[in-house]
Structures are given as C-alpha cells and as structure tokens.
Trainee: 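One structure, as structure tokens, below. Some questions next.
These numbers were taken from a predicted model, which means no experiment stands behind them. In this chain, residues are counted from 1 in sequence order.
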Amino acid sequence: MRLMDSNNLDGGVDAKGMDDLKEPLLKPLDINNKDKRIRTVKFKIGDIECASCATTIESVLGKLDGVKNATVSPIQGQAAVNYIPELITAKKIKEAIEDAGFPVDEFPEQDVAVTQLRIKGMACTSCSESVESALRMIAGVKNAVVGLALEEAKVHFDPSLTDTSCIIQAIEDAGFGADLISSGNDVNKVHLKLEGVNSPEDMSIVQSSLESVEGVNNVEVDFAEKKVTIAYDSNLTGPRSLIHCVEKAGRDLKLYQASLYVPPRRREAEQKHEIQMYRNQFFLSCLFSVPIFFFSMVLPMLPPYGNWLEYKVHNTLTVGMLLRWILCTPVQFIVGRRFYVGSYHALRRRSANMDVLVALGTNVAYFYSVYIAMKALALDKFEGQDFFETSSMLISFILLGKFLEVIAKGKTSDALAKLTDLAPDTAYLLSLDDDGNVISEMEISTQLIQRNDILKIVPGAKVPADGIVVSGQSYVNESMITGEARPIAKRLGDKVIGGTINENGCLQVKATHVGAETALSQIVQLVEAAQLARAPVQKLADQISKFFVPTVVIAAFLTWLGWFILGEFGLYPKHWIPKGMDKFELALQFGISVLVVACPCALGLATPTAVMVATGKGASQGVLIKGGNSLEKAHKVKTVVFDKTGTLTVGKPEVVSAVLFSNYSMEEFCAVATAAEANSEHPIAKSIVEHAKRLLMKFGSTEHVMEAKDFEVHTGAGVRGRVGDKMVLVGNKRLMRDCNVQVRPEVEEYVSENEKLARTCVLVAIDGKVAGSFAVTDPVKPEAVRVISYLHSMSISSIMVTGDNWATAAAIAKEVGIDKLKGLTVAMVGDGINDSPALVAADVGMAIGAGTDVAIEAADIVLMKSNLEDVVTAIHLSRKTMSRIRLNYVWALGYNILGMPIAAGVLFPFTGIRLPPWLAGACMAASSLSVVCSSLLLQSYKKPLHISAKSA
C-alpha cells in the first residue's frame, strides 16, 4: 500500500516502521484516489532555445498548485505535464507557460467524457431546447443532445472543467428533474452487493483491493446500501475475478462476501411511475370535476332534481355556485400545481410551453369565476355566470390526455425493449482439463461470464454471449438479431451471437465478447443513440416552437377583445349570447378556448416518436439506422452504388471449369498446378488448389502433393516455381508475356469468352508452353437480380464499382441488371476496409453486416446480414418513416390551424357551433395522443421484398 507517502505528507511520520495501519487507513486512500485521477497533457512549445529555457518552464509549472511534475524537452520543444484536474485545468497550465514568455503552438483537445441522463418534466420542443441551452452554457460542455420522446440527454464534456453533478444541477436550475443513467466511457460495469462490510474502514479495504486489480478503471462505493460499482476492462479481468478479489480482501476475523446485484431497469420503472402518477392525478381530478360537471350541466337540466342548487346562501350566491367553487379549488391549486411549477420555470428561462397556456387559461376561468362569486356574495341583485367547471374539466381532460400519451409513448420503445430481453438470465459454465475434457459444469448468471469462458448451450437454449464454437454442431436461429429467417448451420470455428437460439445440437462455445461488448449490446446502444439524435426535419418544429406560445396568447387576447368590442357596439344579435351569459363572458369563453386548444406538444412529438419506432423496428429486422439524419437522407436516395466483390457477389472465388491446351493429362495438370499454387495466399490460388484436389480425388489419385522449389510471386500477375523437373507458371496473360510464353489464338479466344461471362482465366504454363487454364468466378449473390429489379421499380438506379477489368465488370452488371449513374442523392453499399472512404463520402453509406469493423463504423446504416434485400428494406423503411413524419406534421399543424379559428368562434355566426373551453382542452390532449398513435402504426411495417417474394 502507498500509505507511507501520505503519512509523510500529513505529519512527517516514518511509515516504514509502522506495524498498525488501521488508523491512517481511511485518509491515505483519498490521496491514492487522487493519484489515480492524475492526467497528463502534452504541449508543443515555441522559442525554446536552450536547456535553461526548459528549466525555466519546469520551474514555473512546478510552482502551480495541482501540478505533480513537468518535463520539458528542449530538443523536441515539447512539455509533458502530470496534473490533478480537481485542482488545476490544462488551460491554466497553458496560460502559465505563455505568461512565462513561451508560446504554446499546439494545444491538444482534452479527454472528453460522456454522460447520459434521464430528464423529467419535458412537455414539448421548447422544453428540450431549454435543457439543451442550459447544458451548453456550462463551462466544459462540448456538446449536448436532448431527446424529447426518449426523455434523455447525452452530454459530452471536459472532465477537468465540469462533472456530472454540475450538469445535473444546471438541469434542475432550469426547472427539470435529472437522473444519471450512465457516466464515463467505460464499456463494462458490474454491480456487487457486499456482506460483512460494517464500517467505513471495511469499505475502504474493499475499495483499495478492487482498485489494485489490473484492468479496473473505476470503483464507486455506496456504504449506506453496501454496494459497489466497478468499471473494468474485460480483456484483463471480469466479474467473477472481482468477486474473488473482494472475498480475498478479508483477513483474520473479517470475512467479506460479494454477490451480483442487478439494478432495476430505470427506464421501465420510471415509465410505470409516470403512468401511475398521471393516472392518480386524473382520478383525483375526476373526484372533484365529475360532481362539478353534474352540478353545472346535468342537474340544472333535470328539474325538480336540480332546484336545490338555486337556493340562495347569501344575497345572490347560490348553493350550486358555492359547491362548484369549493370543489374546483383543489383541482386548480393541488392537482393543477404541476402547471404552475412548469410555467414558473418556463417563464424564468424566458420561454413558454404548454404549461403556460394551460395555467393562463385555467387561471382566467377560475379567477373570473371567483370574481363573479364574490360579487354574488356582496350584491343582492346580481346575475353572472361562473366558469368553475371550465377550469376543473380542462385540467381533467389534459391529465387524461397526458395519461394516454405516456402509455402510447412507452410503446414506441417496445422493439428496443424486446431486443434487451433477448439475452438469457443464466448460462452453463464448463471447466476443462488440459486435454479438453469437462471437469465440472455450473449454472451462473450471464452477467458473470468472462472472456474465454467455455459455455455449454443445450438445444432450445439461448446463446448467452458472443463466441466461437469449440465443440459440437447445430443450427442456430439468428432471426431476432439479423432478420435471417432460416436457421444457420454452426460447426467448429463458426461465430455465434448472444441472444440467438440454439435449435437442435449441443454446442460448446468460447466467449469472445461479453457484457456491453456483445453484438446485442452494441445494437441496443446504437439504436438508443439513433433515437436520441435529432433528424433535420425536426428543425421545423424547433422554429415554430420559438414563437408558438406568444402567438397563441396574442391570438387569444385579440379573440376576446374582438368579440367584446363587437358585443359592446351591438354588432351581433343578442340571441347569439347563451342563456345566463353576458357579452363579456361570451368573449372570455372564446378567448380561453383559443388559449387551451393550441397544442405545441403534437409538433414536438411528430418526428422523435416516428424515429423511435422506425429505428427500433429496423433493428428487429436486421437494419441498424444510425439516427434520424441517416433515416432522412435515405428516403431521398435516387442512386445506389454497389461494391462488386463481397457485396453483389459472394466474395469467395470458385473454379467453374478447367481446360487443357496440351498433351498433359488432367491428373498431371492438376497435380502441377496444386504444387505451384500451394504456397500462395491469394483467394484465387486457394480456390484453384481446392478445385484441383477435388479433381485428383475424383481420378483416384493418392500421390503426395509435390513441392514447388524456387517459388516466386509476381505481384498482380501470378506465381512461378519448379515442380520436379518442370518450370511452372500460374497466372494471367501478363505473366505469360513477361516470361516469354506464347499465348496461342485458341487460348486468347478461350480467355476472351470467359471474360465476357465475368470469369477470370488463370493460365498454367509448363516448360514455356500454355498447358491449360482454370476459369474462376466470384458468384453473384442469388438475391442480387431481384434487389436491383425492385430498386428500379422504386425509381432508384443502380451502378457498380470494381477494380476488375472492364469485361468482367460489364458481365456482372449485365447479369444483375445494373445501369448507368443518373441520380442525385447517392447511397453506397460496401463491406470492406477499401469501401470505407466511399461509405463516408456517399450521402448514405450502407455496410453489410459480414463486412469489416471499419466499414461498419463508417456507414450510416448497417445491414446485419449479408443479404442485399435489406438495402431495399432500409430505403423503403426510411420512405415510410418520412411519410409518417409528414403526416404527423400535417395533422399537428392542421389541427392548430383549423382548431384555433373554430375555438375563436369563426363558425359561430353561421352554424351556432361554439367550442367550450373544456372541450377545447380535450381536443388539445387528443392531438398529442393522435400523433403518438400515428407513429406507432410503423410497428406494423413489413419488408417489401418478402411480400413480393411470397406473391411471386
């Protein structure tokens, strides 16, 4: 332990002779923790002319509080500084160097940490914009994205300038709630419940032991709950090793135990809590609103049952009015408190949202009614109409709408929840001896699986982690991950994906990726990030939200003023005024209706809910769309560029024919070619060797494969070597020319004919003469023709890129039906490292799932399986989604454009139709719900090519 240094720091006590370490145990651990948080920053410094300059800079930096040490190289002109970010920032260090008279030429970007937060209290687009604005004003925050429908925020920040607690505080200051979902860039975390930890000293011992384990990046302890959270590198350690470490930390009579703790899924728990909250508030509101409704609208229409409501309490204040006042007050101020709080925070940050409209409308109705009730109480001759039922019923209907809306919004992430549930809870861990025999078998939680564990997967069981088959063979159903309907054969050396289902045989699998590194976890993380990303089409709602509420308030005021002036000057007939109302009250009802009918929420939900459903649905069908931007660009695609090898074709060369041009037998020819190509790693060479060996077996040859001597590789042309007493060349025409081997006309004709069929001819020359040739091709994928044809039916043209010769390229293009480039927005489909620049450069990059990690990283859309049908699926799904978003906008905008004039009384003079405020509030609530339900219809999406295939 490093207790000695800290003791010297604290009091000068010599720690080397200490026997009892218990007393100073707690305090030194804090120092050690601080040491673990030391960061290193490197600068390129100018004007360093000699060693004394370097010494000067080191001296200046050494005096700074928080700088542990600094090293300056006068030759390279660089400085490396170790510092404690809690005490000083890299920017301050840079400024100190510049103050000393030395310019800093290169100031590197600091490490960026990422935190994900759950945001509470957002109602519309202006709320999410307010949160984003508050986050971006924090010093050190590099970027912040807030998802309204997902109710989450992702923040990138410089940990040396701010931390998660400051970020949460800023969100709360803006008037919203925030809970931490995840923090840092750590991939794997494990949560442990501790036993035997009864004091802070015990917790410190456990923490110190865990921090000393190689591969542990961070340890967070909660003494009150007796829990510890460890972030670790799965290449170096794992959860079972960490549990063992905790148990080893105990000594003498101190025995510690650790068990796996699975924290509850916060999103699901919070969704249930939110649904329950709105339900309870709605029922509480109804407890008061329903009697008010009966007292004001039902019983007065049923004499003599309602006559008692007209009894005078004092002066003209009736029993009915008093009861409505008493019952409405708790709805206005207790149930409706959330609207006051939301309005306060919105106005404090100089914005306005739905809460402002509701609070304004209900307050006008309530306080005007209080004014009427007070006048009735004070005057013995007074007639006036109260609107207590307007206030209470308005709040009730809005709460009902929110209750139904949160239920519907919860269903938008159903596809993602189903993906998360694919992973099994337990797995069978095998212990093997040196010979590979099973010693023991134990059932463990899948969260305890470590890399390189050998796992047993019985028929019908789910694969618990990504891995490689080391024993057994079976068929595995991967449809839930890749969308591939047919079970895939798995045997020794094949990869399996966590969450898929083993069909029939028993497999032993070596875990290669565990925890957050599995394909399933990566898919979930990618989809979550996509749902958080904002689509460009969302900008329309963002722009409207900035002036929406102020415009509505002005429109409501002008509506009231217009009707009031018309009434005062007698410009409309008196019979228009409903019984029990006067001109002012009629105008006031119109004004309140305009206030509460307008709905900014529907606009804000139009895009994110559709993107959430579409990305989740796409993921369940093997199409991973990296955000709303990719989704929006994909629907504009007019041209698809296909890489040939591995995308349009299988990517594995096959020999389709072998022809002799000499007196050698086919058996001799194959034996010589096999010997010459055996040392080559080229895919074509391997396919020739495989084909030649099959022919030799067919001829019944049992001869040992001869070895080629003096082997030479001619890059881009072929190989050369001596097989026995024969000089053998295997390659293309260029190799034959370079080695002065004549290519006879019949050989030229054979090569030309095969090139037209998209085949590559490999010539074999023995002792200076062409003895024969192999025709090699990379077969076209069986679905390629159908995909190209379907793209044409969608008015999308297709082109192909390849490094092959023109004849081969033309033949492949003709076979699959590819034409020339004539589009504008271009999608690129590829699989390899060489495709990644094109994937980035294209408007939409699509990487097929069997491709390289580089290609998948560069792409906008990832197709989980190598089936080209998913190219159609990706474009078709994006078109359907954008169509749904447009429909949502048409409904949301159309509702407001039509609803506000109707609420303002435009139809009243002609039809007598008037929208009471409580009904206007119900319409507002229904508009948000309808937009979410419209987005949910995307869950019924089906792949277009599957449908046409069945019909065909």
Trainee: Evaluate the criterion salt bridge (charged side-chain N to carboxylate O under 4.0 Å, His left out) for residue pair Asp843 and Lys636; output intermediate values, then yes/no.
Mentor: CA-CA 9 Å; Asp843 296 297; Lys636 300 176 182 176; over 6 Å; no
Trainee: Phe176 and Lys120: which non-hydrogen atoms are nearest, and at how many Å?
Mentor: CB-O, 3.4 Å
Trainee: Working to the nearest 0.5 angstrom, can you tell me the gap between Leu399 CG and Cys286 SG?
Mentor: 8.5 Å
Trainee: Report yes if the side chains of Glu274 and Tyr278 come closer than 4.5 Å at any heavy-atom pair, otherwise no.
Mentor: yes
Trainee: Output, in order, the C-alpha distance, side-chain angles, deciding distance and verdict of side chain to side chain contact (heavy atoms under 4.5 Å, CB included) for Phe590 and Trp560.
Mentor: CA-CA 6 Å; Phe590 281 125; Trp560 168 80; over 6 Å; no
Trainee: If you count every heavy atom of other residues, nucleotides or ligands that lies below 6.0 Å from Phe367 atom CZ, does the total exceed 12?
Mentor: yes
Trainee: Tell me, do Thr318 and Leu309 make a side-chain contact under 4.5 Å, heavy atoms counted?
Mentor: no
Trainee: Looking only at atom types and distance, does a side-chain atom of Thr362 sit under 3.5 Å from a main-chain N or O of Ala359, one as donor and one as acceptor?
Mentor: yes
Trainee: Can you tell me how far apart CZ (Arg879) and CD1 (Ile796) are? Round to the nearest 0.5 Å.
Mentor: 4.0 Å
Trainee: Can you confirm whether the side chains of Ser935 and Arg884 place a donor and an acceptor under 3.5 Å from each other?
Mentor: no
Trainee: Do other residues, nucleotides or ligands put more than 12 heavy atoms under 6.0 Å from the CZ atom of Phe294?
Mentor: no
Trainee: Report the relative orientation of the aromatic rings in Tyr366 and Phe333; use parallel for angles under 30°, tilted for 30 to 60°, perpendicular for over 60°.
Mentor: perpendicular
Trainee: Would you give the length of the straight line joining atom CZ of Phe387 to atom OG of Ser296, rounded to the nearest 0.5 angstrom?
Mentor: 11.5 Å
Trainee: To the nearest 0.5 Å, what is the distance between CE on Met612 and CG on Leu936?
Mentor: 9.5 Å
Trainee: To the nearest 0.5 Å, tell me how far Thr390 OG1 sits from Ile592 CD1.
Mentor: 6.5 Å
Trainee: Between Trp891 and Ser930, do the side chains contain an N or O donor and an N or O acceptor separated by less than 3.5 Å?
Mentor: yes
Trainee: Tell me whether Ser133 contacts the main-chain N or O of Glu129 through its side chain, where contact means a donor paired with an acceptor under 3.5 Å.
Mentor: no
Trainee: Would the number of heavy atoms belonging to other residues, nucleotides or ligands and lying under 6.0 Å from CE of Met374 be above 12?
Mentor: no
Trainee: Before giving the answer on ring-ring contact (aromatic ring centres under 6.0 Å, His included), spell out for Phe295 and Phe388 the whole-Å C-alpha distance, their side-chain angles and the decisive distance to 0.1 Å.
Mentor: CA-CA 11 Å; Phe295 293 159; Phe388 286 121; over 10 Å; no
Trainee: Without swapping roles, check the side chain of Tyr895 against the backbone of Met924 for a donor-acceptor pair under 3.5 Å.
Mentor: yes
Trainee: In Å, rounded to the nearest 0.5 Å, how long is the span from OG of Ser285 to CD of Gln332?
Mentor: 10.5 Å
Trainee: Consider only side-chain N and O atoms of Glu585 and Tyr368, and report whether a donor and an acceptor are under 3.5 Å apart.
Mentor: yes
Trainee: For the pair Asp355 and His345, evaluate side chain to side chain contact (heavy atoms under 4.5 Å, CB included) and give the outcome as yes or no after the intermediate values.
Mentor: CA-CA 10 Å; Asp355 290 335; His345 288 298; over 6 Å; no
Trainee: Apply side chain to side chain contact (heavy atoms under 4.5 Å, CB included) to residues Ser878 and Ile625 and explain how you reach the verdict.
Mentor: CA-CA 9 Å; Ser878 71; Ile625 302 169; 5.8 Å; no
Trainee: Should we count CE of Met137 as having more than 12 external heavy atoms under 6.0 Å?
Mentor: no
Trainee: Does Arg337 CZ have over 12 foreign heavy atoms under 6.0 Å away?
Mentor: no
